[in-house]
**Student:** 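Here you go, one structure.
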Amino acid sequence: MAGVATNPLLSTTRASDTSPTIQLHPLVLLTISDCITRHTLRNQQGPVVGAVLGQQNGQDISMEVAFQAKLTTDDAGEVVLDKEWFSKRLEDFKDVHKQPPLDIVGWFTLGSAAGPEPHVLPIHTQISDIFIESPILFLFHPADAESEATAAGKLPLTLYESVHESGPGESGDKAMDIDGAVRDRPLKFRELAYTIETDEAEMISVDFVARGGGNATAVEGPSATDSSRIKSDDDKGKSAKGKGKERAKDETIDESTILTAEDDELLSTLTAKMNAIRMLSRRISLIRTYLASLPPSYLSDPSLPFNPTPSADHPLPLNNPILRSISAMLARLNILAPSDSEAFTIESQQESSDVQLVQLLSSITNSVSAAKDFGRKSQIVENSRNQSRRGIGALMGGYDGGGAPFFSGGFGGGSDHREFGGER
Amino acid sequence: MEQTRALNALEPFLALSKSATSPRAAADLITQATSAPNTYVFAELLQTPNIQKLKDSSEYASHYTLLEIFAWGTWEDYKLQQSSLPKLSAQQHQKLLLLSLLPLSHSHETLTYTSLLAALDLPTTRSLEELITSAIYAGLLTATLDPAHSLVAVTSVAPLRDLAPGSLPAMQAALASWSNRCDAALLDLEARVAEVRKAAIDREKTRRKKERVQEVAMMSMEEKGGQKRSVSGLGDEDIMDIDQESGSGRTFRGAKRGPGGSFGGTFSGLGRRLN
């Protein structure tokens, strides 16, 4: 699957200026991962396919919501969309998202990073026949979810636009034999660049998911043998992740139960900061390594000649644009702090003292409420003690014949009690 | 972005440099390249063989030095060697001033009107402001002017300056100190995380201890209450009965507890209800 060197479905041409630019919203990603989870847990067969809705404005396409589609098998034995159901669902979604109006811009499925596979073609042509002329294929790579690139911040997905390319030699292609209709006008996929966009409402849900992710438990999916290839890859990734998480959970079980909500929030903020700084630090060390690997030249020693020849030790030639960028970035470091450093310090000190003041006030409030609580409790205890002492006093009174002079409290209690007793 | 534009502007001169084999043509090319609009980087041109040859020519070596100054020098460098260098045209002068702004924006000290005026030999603040505005429009700087405090607030500098010879070690040192700061910040944050966890554990320990103490106290209370209840249960009749039946050996205890027992029982019950 990953070993395919050249995918016959991939277009060799580079993305042109006329290619659309995609703005991807996280809600789509959440929906897709949700679909994968459901699909895996329900042991469903067949591919995961769904529609992506968004706005198209000239060459700018935004992908905002997605939903999973119902699939059927057509007469030719190919998996295609359930047309009626899909149209109905699409209309529903259009009704819901009227302002701004959303329409179908593409569809998603799972696949390898090597590119789309022949089985995507029937659905793709179906969508382009019925709904939109050139839908964008959103290929999610479940196999890559655990890879290093993903951990470094690259999302395991690729977007493709479809282009019709006429070229010789396509008819003999194995991939093209799958669908007779495709052979007439070979469909190729061209990779698109995308950016991630969010709005405020989405931030809330993303934040929620990020929090909930910590408590997520993995459920062992079905065994790899009875599921499709795509799914088995997905399972492998999942169970591996799940095991790691479970192990981690056992160790911290004590902590995770005792941390309060504020602690959790503080910790997640700190962790986010740490991750950001770690990433920055990795980038810096990358630049340092790059600079260290440069051949000795006039830059390191003014007496050396201009054009250093790359040697075995230093395989990289001098790249002036990169060097200029590094130099400009370092130049910024000194001027990052505001020029009026005194006012800046004073302001930041004021800020921090304000925070500390609020903290103090809150601790005072806490103390007051604790004192109040203590007062109430001690009153109850006092009361009951008095009451029981009366009882003891009565005992003593009984023993001493009702008038023990050395135990005044007991005496008083005794007399009270007598009144009480009298009433009884 | 700016760099691509500047490189594109330099492109025709790089192509021309191949045919500029004579020192005179090369020197002419330098003058053209430095006068052209949008050419802000010169290292690529400087590295072409024909321009490098110029270094050894006695007549036009000064042009080579001029190109070096345009690549990484400043107006001050030019002033120092003004006598030996070719005269600057108005465009060249303007460009060298713009380029000189970039290294000057590396620190807050040089970003005051007075120091900029001195460094660039400009007559009036107005001319300085015009120069900075044109630098901002050309994409060399992202900055705002602060005439009230006579300051220029620069937020970023375009990567349009070539590296001066021997500047690599300084860059490496800066990066090293930056990454050290990152490590220090990471350590700080880690300590903070550990602190929070420790505080949570401590709090939990205290809570559990409190709970235990409370439990023990409750237990002892309960026991007391239970005893009393059992006593009171017996109190009213049984003990009295025993007292009545048995001999003097028990009379003392009976006398002690007999009458009080019932009341004590009532009251301990009352106390419990109050609780």
Side-chain angles (χ1 to χ4, degrees), chain A residues 254-255 258-260 263 266-267 270-271 273-274 277-278 280-281 284-285 287-288 291-292 294 297-302 306-307 320-321 323-335 337-341 380 383-385 387-388 390-392 394-399 417 420-421 424, chain B residues 3 7 41 43-44 46-47 52 102 105-108 111 149 151 153-163 165-169 171-172 174-176 178-179 182-183 185-186 189-190 192-193 196-197 200-201 203-204 228 255-261 263-264 266-268 270-271 274-275:
Chain A
D254 192 29
E255 282 195 348
I258 58 167
L259 287 175
T260 60
D263 283 344
L266 186 61
L267 282 183
L270 288 175
T271 319
K273 286 219 167 70
M274 266 158 71
I277 294 179
R278 267 200 203 106
L280 174 69
S281 162
I284 294 175
S285 66
I287 296 176
R288 284 178 72 188
L291 288 183
L294 288 176
S297 67
Y298 74 101
L299 290 175
S300 44
D301 188 346
F306 254 94
N307 282 324
N320 282 308
L323 288 172
R324 276 182 217 126
S325 296
I326 298 173
S327 152
M329 180 188 67
L330 291 179
R332 267 190 79 178
L333 281 182
N334 287 329
I335 50 171
S339 55
D340 195 351
S341 59
I380 293 168
N383 264 350
S384 72
R385 187 184 289 165
Q387 297 288 8
S388 57
R390 279 173 204 165
I392 293 165
L395 286 179
M396 301 307 267
Y399 175 46
H417 154 244
F420 194 79
R424 200 174 64 158
Chain B
Q3 212 178 148
L7 279 175
V41 292
E44 279 84 357
L46 205 57
Q47 283 165 7
Q52 284 289 310
L102 295 185
S105 348
H106 288 188
S107 126
H108 285 304
L111 278 174
H149 298 96
L151 288 173
V154 178
T155 45
S156 86
V157 183
L160 289 177
R161 287 305 272 165
D162 290 305
L163 279 76
S167 60
L168 211 52
M171 272 165 71
Q172 279 168 328
L175 282 170
W178 193 2
S179 84
C182 276
D183 292 344
L186 273 180
L189 284 173
E190 266 161 25
R192 193 87 186 84
V193 167
V196 170
R197 289 189 189 282
I201 290 172
R203 201 177 47 225
E204 174 69 6
K228 267 178 197 161
K256 178 186 169 190
R257 292 209 173 164
F263 299 121
T266 320
F267 276 91
S268 68
L270 199 72
L274 270 176
N275 272 327

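Bear in mind that the values here come from a model prediction, so they are computed numbers and not experimental data. In the text below, chain A, chain B and the rest are named by the order of the sequence lines, each starting its count at 1.
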**Student:** Should the heavy atoms of other residues, nucleotides or ligands under 6.0 Å from CZ of A:R278 be counted, would the total exceed 12?
**Tutor:** yes

**Student:** Checking heavy atoms, do the side chain of B:L102, its backbone, both or neither come under 4.5 Å from chain A?
**Tutor:** neither

**Student:** Please report the shortest heavy-atom distance between A:S325 and B:P159, naming the atom on each side.
**Tutor:** CA-CB, 3.6 Å

**Student:** Does a side-chain N-to-carboxylate-O contact under 4.0 Å join A:R324 and B:E44?
**Tutor:** yes

**Student:** Assess whether salt bridge (charged side-chain N to carboxylate O under 4.0 Å, His left out) is satisfied between A:K273 and B:E190, documenting all intermediate values.
**Tutor:** CA-CA 10 Å; A:K273 286 219 167 70; B:E190 266 161 25; over 6 Å; no

**Student:** Please determine, among A:L333, A:N320, A:N334, A:L270, the option with the most heavy-atom pairs under 4.5 Å with chain B.
**Tutor:** A:N320

**Student:** Looking at every heavy atom in both A:M274 and B:L186, which two are closest together, and how far apart are they?
**Tutor:** O-CD2, 3.5 Å

**Student:** Where on A:L291 is there a heavy atom nearer than 4.5 Å to chain B: the side chain, the backbone, both, or neither?
**Tutor:** both

**Student:** Shortest non-hydrogen contact from A:A328 to B:V157?
**Tutor:** CB-O, 3.6 Å

**Student:** Name the region of B:A176, side chain, backbone, both or neither, that has any atom closer than 4.5 Å to a heavy atom of chain A.
**Tutor:** both

**Student:** Supply the atom-to-atom distance B:Q172 CD to A:I287 CD1, rounded to the nearest 0.5 angstrom.
**Tutor:** 11.5 Å

**Student:** Okay, side chain of A:R332, backbone of B:T155: is any donor-acceptor separation there less than 3.5 Å?
**Tutor:** yes

**Student:** Less than 4.5 Å to any heavy atom of chain B: does that hold for the side chain of A:L323, its backbone, both, or neither?
**Tutor:** both

**Student:** Could you give the distance from CD1 (A:I277) to CG (B:L189), rounded to the nearest 0.5 Å?
**Tutor:** 5.0 Å

**Student:** Working to the nearest 0.5 angstrom, can you tell me the gap between A:I284 CD1 and B:C182 SG?
**Tutor:** 4.0 Å

**Student:** When rounded to the nearest 0.5 angstrom, what is the spacing between CG in A:L267 and CZ in B:R197?
**Tutor:** 5.0 Å

**Student:** Report the C-alpha distance between A:D263 and B:R203 in whole Å, list the side-chain angles of each, state the deciding distance to 0.1 Å, and finish with yes or no for salt bridge (charged side-chain N to carboxylate O under 4.0 Å, His left out).
**Tutor:** CA-CA 12 Å; A:D263 283 344; B:R203 201 177 47 225; 2.9 Å; yes

**Student:** Nearest 0.5 angstrom please: A:I335 CD1 to B:L111 CG, how far?
**Tutor:** 6.5 Å

**Student:** Would you mind checking which part of B:L151 comes under 4.5 Å of any heavy atom in chain A, side chain (CB onward), backbone (N, CA, C, O), both or neither?
**Tutor:** side chain

**Student:** Report which part of B:R161 has an atom under 4.5 Å of a heavy atom belonging to chain A: side chain, backbone, both, or neither.
**Tutor:** backbone

**Student:** Looking at every non-hydrogen atom in both residues, tell me the closest pair between A:L266 and B:R192 and how far apart they are.
**Tutor:** CD2-NH2, 4.3 Å

**Student:** Between B:L160, B:D183, B:V154, who has the most heavy-atom pairs with chain A when the cutoff is under 4.5 Å?
**Tutor:** B:V154

**Student:** Compute whether any side-chain donor of one residue and acceptor of the other, for B:S179 and A:R288, lie under 3.5 angstrom apart.
**Tutor:** yes

